[in-house]
2 protein chains.
Amino acid sequence: MKERSKSISNIGVKRRSIILSAALRAFADNGYKGTSIQMIADAASLPKTNVLYYFATKKALYSEVMQSILLKWNSSFDEVTADDCPAQSLANYIADKMETSRTHPYSSKVFAIEIINGGQNLEESVKEDNKIWVKGRIAVLEAWIAAHKIEMLNPEYLLYHIWSSTQHYADFSSQIRQLRGREMTDEDFTEATNTLVKLILKGCGLQVPAQYIS
Amino acid sequence: MKERSKSISNIGVKRRSIILSAALRAFADNGYKGTSIQMIADAASLPKTNVLYYFATKKALYSEVMQSILLKWNSSFDEVTADDCPAQSLANYIADKMETSRTHPYSSKVFAIEIINGGQNLEESVKEDNKIWVKGRIAVLEAWIAAHKIEMLNPEYLLYHIWSSTQHYADFSSQIRQLRGREMTDEDFTEATNTLVKLILKGCGLQVPAQYIS
DNA sequence: ACAAAAACTAACCAATTGGTCTACTTTTTA
DNA sequence: TAAAAAGTAGACCAATTGGTTAGTTTTTGT
């Protein structure tokens with residue numbers, strides 16, 4: 001059995017992915033400036049020059065980390081239309097975002113720091129794409145409002161509300177851990193998700209889908 | 001009229017406060033590591049050594065910035081008891097936090113970055129104080145739940161919900177600005193506050209106080 | 001087996017950083 | 001009014017940083 005396709009820079013692909021993981025974690029814990037290439041190299045058990053062999057500059061490495069983050073952030077809400085059920089769609093979106101917070105906390109943190117610091121390192125195209133996405137989702141929310149399917153409110157603020165309350169569980173995990181004295185378990189996340197779904201859906205005057213009632 | 005008390009190192013007090021302001025802003029925009037003493041000195045129109053004259057080390061300066069932040073974060077919710085009206089108390093708390101986001105965005109950002117990065121630079125006593133505060137507030141919320149004044153839910157998650165959704169307007173202001181194409185005005189903040197109050201209070205099964213209906 | 005391509009790495013470098021030292025000026029105090 | 005204290009600031013330093021160079025080792029296709 002040959003393994004041609006596998007062998008083409010297979011090792012390179014693996015190393016790159018190891019470096020990207022180490023970098024993601026390091027950037028989340030220390031910020032862009034607070035992370036040195038040496039730290040990433042150490043975390044990946046590689047010499048510094050090897051990291052620079054795969055990623056020409058620190059900025060380039062950071063950019064790729066950021067890109068890999070944004071790839072993970074697709075959700076079922078992307079395809080929701082005005083014909084879909086608001087309660088189900090919003091509940092699923094909240095649950096999706098909470099799942100991302102649980103499984104990819106470092107991604108959320110790196111993104112958060114980037115935005116807090118002004119998003120200077122985000123490519124303009126990424127910002128524009130996001131703007132388009134938001135416009136589309138707001139259109140759906142407005143259609144629901146017009147059809148009296150959800151309460152009247154500024155849809156923009158509803159989106160911010162969902163983003164902030166779900167991402168909080170990733171970004172502020174250290175504070176949450178400190179307050180409870182232990183890490184959030186999977187069960188805790190389920191309870192938190194159901195609480196959020198209930199709070200937000202009731203806030204919009206919607207019934208909570210059965211699957212989100214604990 | 002003499003001015004004895006005023007003259008004692010008056011200039012020092014002023015300089016220190018100017019440096020602290022410049023440092024707050026710089027830390028918010030660039031993170032701890034991303035901020036150099038030189039940057040702060042430039043922003044304060046002082047030579048670098050002058051900054052180090054007032055603050056022995058960068059860490060010491062950062063600590064003082066952090067302390068000044070936490071001082072600003074008192075709110076009427078601190079004194080709320082089980083006898084108070086949940087709807088009014090929670091609505092006021094949300095409005096207080098939104099007002100802090102509006103008037104002290106840099107403080108919120110520096111604090112957020114600190115927590116996201118693990119809170120390594122926060123003194124243990126600060127964390128303990130916060131833990132005690134949270135315990136006290138949770139006790140009040142539990143009393144409200146027991147008295148059927150608000151819906152049954154995990155009070156901890158309600159607190160996180162309020163923190164995250166209000167602080168979002170400070171921390172993620174660059175994203176919000178990008179999406180709307182302009183800064184949030186005071187009127188926008190009022191609308192956002194009222195929207196949040198409505199969402200969260202309805203979520204808890206409470207009536208929105210008249211003053212928060214736009 | 002072997003040449004080319006890919007992967008790796010030690011040694012090195014210029015720039016920036018936090019911080020010190022020293023000397024000077026201004027302000028306060030007795 | 002003179003000494004002491006507070007404030008200002010240039011020159012300097014060791015450590016760390018991102019990045020380069022130049023050469024070696026390993027992998028690969030033929």
Side-chain angles (χ1 to χ4, degrees), chain A residues 1-27 29-66 110 113 117 120-121, chain B residues 1-27 29-66 110 113 117 120-121:
Chain A
M1 185 170 93
K2 288 206 191 152
E3 36 182 14
R4 236 187 300 154
S5 66
K6 204 181 145 199
S7 64
I8 292 177
S9 353
N10 186 14
I11 184 167
V13 172
K14 262 188 207 160
R15 285 264 193 281
R16 280 179 65 91
S17 127
I18 289 171
I19 293 168
L20 280 171
S21 294
L24 173 72
R25 166 101 202 224
F27 285 135
D29 287 341
N30 313 290
Y32 176 77
K33 259 282 196 171
T35 302
S36 66
I37 301 177
Q38 187 66 64
M39 286 168 65
I40 297 170
D42 289 347
S45 300
L46 292 171
K48 189 181 77 167
T49 25
N50 206 339
V51 172
L52 284 163
Y53 170 72
Y54 285 106
F55 301 92
T57 65
K58 188 183 170 185
K59 262 235 136 71
L61 172 52
Y62 180 78
S63 282
E64 289 219 33
V65 166
M66 190 57 75
V110 170
I113 294 173
N117 288 345
Q120 307 154 348
N121 301 309
Chain B
M1 186 172 91
K2 288 207 192 152
E3 38 183 13
R4 236 186 301 155
S5 64
K6 204 181 146 199
S7 63
I8 292 178
S9 344
N10 189 13
I11 184 170
V13 171
K14 264 188 205 159
R15 286 265 192 280
R16 280 179 63 92
S17 128
I18 289 171
I19 294 170
L20 280 172
S21 294
L24 173 72
R25 166 100 204 226
F27 285 135
D29 286 342
N30 312 290
Y32 176 77
K33 259 280 193 171
T35 302
S36 66
I37 300 177
Q38 188 65 64
M39 286 168 63
I40 296 170
D42 289 348
S45 300
L46 291 171
K48 190 179 76 167
T49 28
N50 208 337
V51 172
L52 284 163
Y53 170 73
Y54 287 105
F55 302 91
T57 65
K58 188 182 170 187
K59 261 237 136 71
L61 173 52
Y62 180 78
S63 281
E64 289 218 32
V65 167
M66 189 58 74
V110 171
I113 294 173
N117 287 346
Q120 307 155 349
N121 301 310

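From a predicted model like this one, the values you see are computed outputs, not experimental measurements. To find a chain, count down the sequence lines: A is the first, B the second, and so on, and within it residues start at 1.
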Review point. OP1 or OP2 of C/dA6 less than 4.0 angstrom from a side-chain nitrogen or oxygen of A/Y54, does that happen here?
Key: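 No, no such contact exists.
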Review point. D/dT8 phosphate, OP1 or OP2: any side-chain N/O from B/R15 under 4.0 angstrom?
Key: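 Yes, such a contact exists.
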Review point. End-to-end bend of the helix from C/dA1-D/dT30 to C/dA30-D/dT1 (five-pair axes, 10° rounding)?
Key: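 Roughly 20° between the end axes, to the nearest 10°.
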Check your understanding: With a 4.5 Å limit on heavy-atom distance, are the side chains of A/I113 and A/Y32 in contact?
Key ->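 SC-SC contact between A/I113 and A/Y32 ruled out.
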Review point. Below 4.5 Å, heavy atoms only, C-beta onward: do A/L46 and A/R15 meet side chain to side chain?
Key: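 A side-chain contact exists here, since the closest heavy-atom pair is under 4.5 Å.
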Point to revise | side-chain contact (heavy atoms from CB on, under 4.5 Å) partners for A/S63, two or more places apart | key: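 A/S63 satisfies side-chain contact (heavy atoms from CB on, under 4.5 Å) with no other residue.
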**Study point:** With A/K33 via side-chain contact (heavy atoms from CB on, under 4.5 Å) - residues at least two apart
**Key:**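 Partners of A/K33 by the side-chain contact (heavy atoms from CB on, under 4.5 Å) criterion, ordered by chain and then number, come out as B/K33.
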Practice item. Go through the steps to decide whether A/N121 and A/M66 satisfy the test side chain to side chain contact (heavy atoms under 4.5 Å, CB included), and finish with yes or no. Key: CA-CA 9 Å; A/N121 301 309; A/M66 190 57 75; over 6 Å; no
Practice item. Treat primed atoms plus P, OP1 and OP2 as sugar-phosphate and everything else as base, then score nucleotides 9-22 of chain C 5' to 3': B for base contact with protein heavy atoms under 4.0 Å, S for sugar-phosphate contact only, - for none. Key: BBB-----SBBBB-
Check your understanding: Which pairs count as side-chain hydrogen bond (donor to acceptor under 3.5 Å, both in side chains) when at least one residue sits in residues 39-54 of chain B, sequence neighbours excluded?
Key ->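 Checked against side-chain hydrogen bond (donor to acceptor under 3.5 Å, both in side chains) - neighbours excluded - the pairs reaching residues 39-54 of chain B are B/Q38-B/D42.
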Practice item. Let me know the distance between NZ of A/K14 and C1' of C/dC8, rounded to the nearest Å. Key: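 After rounding, the reported distance stands at 17 Å.
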Review point. To the nearest angstrom, how far is B/I19 atom CD1 from D/dG7 atom P?
Key: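 It is 11 Å, rounded to the nearest whole Å.
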Practice item. Give a yes or no answer on whether the side chain of B/K58 reaches the backbone of B/T35 with a donor-acceptor pair at less than 3.5 Å. Key: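 Judged by distance alone, yes, a pair lies under 3.5 Å.
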What side-chain donor-acceptor pairs closer than 3.5 Å can you find for residues 17-27 of chain B, not counting sequence neighbours?
unit_1: B/S21; atom_1: OG; unit_2: B/S17; atom_2: O; d: 3.1
unit_1: B/R25; atom_1: NE; unit_2: B/D29; atom_2: OD2; d: 3.2
unit_1: B/R25; atom_1: NE; unit_2: B/Y106; atom_2: OH; d: 3.1
unit_1: B/R25; atom_1: NH1; unit_2: B/Y106; atom_2: OH; d: 3.0
unit_1: B/R25; atom_1: NH2; unit_2: B/Y106; atom_2: OH; d: 3.3

